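Below you'll find the structure, written out as structure tokens, and then a few comments.
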Amino acid sequence: MIALSDTDAAQAELLSCLPADATSIPANMRTADGRADGRRFAIYRNNLNSSLHRALEQRYPVTRRLVGDEFFAFVAAQFTAQHRPTSPLMFSYGEAFPSFLGDVEAARHLAYLPDVARLEWLLGEAYHAADAVILQIADLQALDLADAAVLATIAKHPASRLLASSHPVGSIWIAHQDETVAPLTERGSQNVLLTRREEAVSLTFLSDAEMGFASALLDGRGLEDAAMAAFEADSSFDFGATLLRLTEAGALTLTN
Amino acid sequence: MPNTSPSFTPSQLPARAGIGLKAEHRTDILDQNPDLGFVEIHAENYMGEGGAPHRFLEEMAERYPLSIHGVGLSIGGAGPLDKAHLTRLRHLLDRYRPASFSEHLAWSTHQDQFLNDLLPLPYTNATLDRVASHVDEVQQTLGRQMLLENPSTYLLFEESTIEETEFLRRIAERTGCGLLFDVNNVMVTCTNHGFDPVAYIDRFPVQFVGEIHLAGHEEIEDEAGQRVLVDTHDRNVSKDVFGLYRHALSRLGPVATLIEWDNDVPDFETLFAEARMADAIMADFVSASVEAAQ
């Protein structure tokens, strides 16, 4: 019997011929008439590399629109060469792409680009996140919020995500959902809350005080704890109004 | 010796045509309620925790028999199967209870890298042992029979000593698994290596087949100018492949037949027309056999 390591080494050799810029083919692979045929082996190479490229295109459509197809393909080629998937779940591929974009010299002038990509990554996370009952305004009204034990049952919905950016990323993303992009009037930083209702993910903008509270809550800190933190950061923090806003957005759930 | 445990649920798709399910066809399917024999999904696309993909699959599984087709288990891999992935698969199958589960005679994982393609393996006694033990492990873990699919290949391995149809026969006999007979892959593989596809079908161990796949392929040339077919799933099933399908049915009888169209996905009408074509071929075959028997 051939030792397992022999087939392991053979598969490792095949794998070493798969990078987009590789030109060699495995020594043991031949045509029926005994030829080493690079164009045939390239079918495997193309399948892999184009599928990774496609996965990034599907995950980062607005990022792609912002830089154009050609530049996106150029960056995607570099990224996919350096970051191979580690899981068969392709919707989990490309998490490092936003920070990779931040290191691309030729995209430095688009300072907002990595955060737009971050937003697109989080949109996908929110889309696939676990299901849970959404805390409704009516639920909130029925609860005794003066009771610490009741407060402790309010937690973030599994699909809720936050992104604080020094760029108007939410507005940029929204503007690029239409076929024609209206000139953007927003400037400066934006806090974006992503929530999922009826399977659709939507964006809500938060003030800094609301953001402080929401991030403490989404980090897993209890409602009371999060409120204390927000109040310490900003004494004008309005707990009741913020809780209502987050509830309206569908950001919360009830735990037992 | 076959070691099929009686506790394994056998594959039980109806002998009708089905389609590869695409989210973009959701509205068409809900509005038209088309008469489909079954729908098939790629397991890995439904391994997220929740949200829209699962709502969609629940809706579809209420309407049609379901086939779950894995593309990431790497049954032909040299290393051990990914236990975490097998567990995810078990949860998916427990949740949706599909009529059939299938995977590929191929590999896609090496150590911690996932290659997102179906890579080929040589057919030797050693790879036979390994594939059989992986199929055993899958069936034990899932508590059901799986179907194993014949691949599309573009080059041959010098060390191969067993013919592909014989390799698949021995795997099925040893593990009790069924086979997924991809007739487009037969056309692709046989064309690429100068084999006769009809003879391949005649050698195929049809008694194990639980499902057929049909798909479109692209034609290119290799470095010597020889015709090479690429398994692209991006267009209509070719006339040649429908011809081979007829020949396969003459050996198999009617069997669940999937139209796979995964890239450049067409509108629902175009896809459904392909499925109706397969249904019509099966119906012709059935009436011809009835006439012959009279």
Side-chain angles (χ1 to χ4, degrees), chain A residues 1-12 14-15 18 25-49 51-52 54-55 84-93 124-132 158-159 196 198-201, chain B residues 43-45 47-56 70-74 76-79 82 84-85 88 107-122 124-127 129-130 152 154-159 192-195 220-224 226 228 230-232 263:
Chain A
M1 189 184 135
I2 299 171
L4 194 65
S5 60
D6 290 338
T7 48
D8 200 53
Q11 294 192 342
L14 196 157
L15 191 147
L18 289 174
I25 86 164
N28 59 341
M29 294 181 79
R30 290 288 179 268
T31 60
D33 53 3
R35 291 178 299 107
D37 193 299
R39 208 179 285 174
R40 284 173 179 246
F41 188 79
I43 296 166
Y44 293 111
R45 199 178 286 136
N46 294 343
N47 280 350
L48 169 61
N49 295 303
S51 80
L52 300 186
R54 226 173 18 246
R84 294 304 210 185
T86 55
S87 153
L89 309 189
M90 286 305 291
F91 59 78
S92 68
Y93 177 63
E125 279 195 352
Y127 181 81
H128 285 288
D131 299 315
R196 189 177 82 203
E198 304 282 314
E199 322 312 341
V201 182
Chain B
E44 286 71 15
N45 292 343
M47 288 184 175
E49 288 186 86
H54 287 286
R55 278 311 81 66
F56 177 52
V71 295
L73 205 46
S74 200
D82 177 348
H85 195 58
R88 284 192 288 262
W107 61 281
S108 53
T109 299
H110 187 79
Q111 289 165 4
D112 61 348
Q113 265 203 59
F114 175 67
L115 285 318
N116 200 31
D117 189 22
L118 299 167
L119 298 166
L121 60 149
T124 65
N125 286 328
T127 60
D129 286 344
R130 197 177 63 236
S152 271
Y154 307 103
L155 288 161
L156 298 169
F157 287 95
E158 284 183 330
E159 63 267 46
N192 292 345
H193 308 311
F195 304 154
I220 61 168
E221 279 185 358
D222 72 5
E223 289 175 356
Q226 285 177 7
V228 172
V230 186
D231 182 33
T232 46
N263 300 307

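Per chain, numbering begins at 1; letters A, B, ... match sequence-line order. Here the structure is a predicted model, which is why all the values come from computation and not from measurement.
Ranked by heavy-atom pairs under 4.5 Å with chain A, the list B:Met47, B:Arg55, B:Arg88 is led by B:Arg55. No other option in B:Thr109, B:Leu121, B:Leu73, B:Leu155 has as many heavy-atom pairs under 4.5 Å with chain A as B:Leu155. For the set A:Pro85, A:Ala32, A:Ala200, the count of heavy-atom pairs under 4.5 angstrom toward chain B peaks at A:Pro85. Ranked by heavy-atom pairs shorter than 4.5 Å toward chain A, the options B:His85, B:Glu44, B:His110 are led by B:His110. When the candidates B:Thr232, B:Thr127, B:Val228, B:Leu115 are compared by the number of heavy-atom contacts under 4.5 Å with chain A, B:Leu115 comes out ahead. Heavy-atom pairs under 4.5 Å with chain B peak, among A:Asp37, A:Leu48, A:Thr86, A:Leu15, at A:Asp37. Ranked by non-hydrogen atom pairs under 4.5 Å with chain A, the options B:Gly51, B:Gly48, B:Gly72 are led by B:Gly51. Contact count versus chain A (heavy atoms, under 4.5 Å) is highest, among B:Ala84, B:Gly77, B:Gly70, for B:Gly77.
For a residue to count as touching a neighbouring chain, one of its non-hydrogen atoms must lie under 4.5 Å from one of that chain's; by this rule B:Ala43 does not touch chain A. Heavy-atom distances place the backbone of B:Leu118, and not its side chain, under 4.5 Å from chain A. For a residue to count as touching a neighbouring chain, one of its non-hydrogen atoms must lie under 4.5 Å from one of that chain's; by this rule A:Phe41 touches chain B with backbone and side chain alike. Heavy-atom distances place both the backbone and the side chain of A:Met29 under 4.5 Å from chain B. At a 4.5 Å heavy-atom cutoff, the contact between B:Asn192 and chain A is made by backbone and side-chain atoms alike. Residue contact with chain A, scored on non-hydrogen atoms closer than 4.5 Å, involves the backbone and the side chain of B:Asp222 alike. With a 4.5 Å cut-off on non-hydrogen atoms, A:Ala132 does not touch chain B at all.
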*Test B:Ser74 against B:Trp107 for side-chain contact (heavy atoms from CB on, under 4.5 Å), laying out the working first.*
CA-CA 4 Å; B:Ser74 200; B:Trp107 61 281; 3.5 Å; yes

*Check the pair B:Ile220 / A:Ile43 against side-chain contact (heavy atoms from CB on, under 4.5 Å), numbers first and verdict last.*
CA-CA 10 Å; B:Ile220 61 168; A:Ile43 296 166; 4.0 Å; yes

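Side chain of A:Asn49 to main chain of A:Leu18: a donor-acceptor pair is present (N/O by atom type, distance under 3.5 Å, no hydrogens or angles). The backbone N or O of A:Ala129 sits less than 3.5 Å from a side-chain atom of A:Arg196, completing a donor-acceptor pair. The backbone N or O of B:Gly76 sits less than 3.5 Å from a side-chain atom of A:Gln11, completing a donor-acceptor pair.
Environment of CD in B:Glu49: sparse, with no more than 12 heavy atoms of neighbouring residues, nucleotides or ligands closer than 6.0 Å.
No side-chain donor from either of A:Thr31 and A:Arg40 sits under 3.5 Å from a side-chain acceptor of the other.
Proximity of A:Tyr127 to B:Pro53: side-chain heavy atoms (C-beta onward) are separated by under 4.5 Å at one or more points.
Between B:Ser108 atom OG and B:Leu119 atom CG the span is 7.0 Å, to the nearest 0.5 Å.
Taking the ring centroids of B:Tyr154 and A:Tyr44, they lie under the 6.0 Å cut-off.
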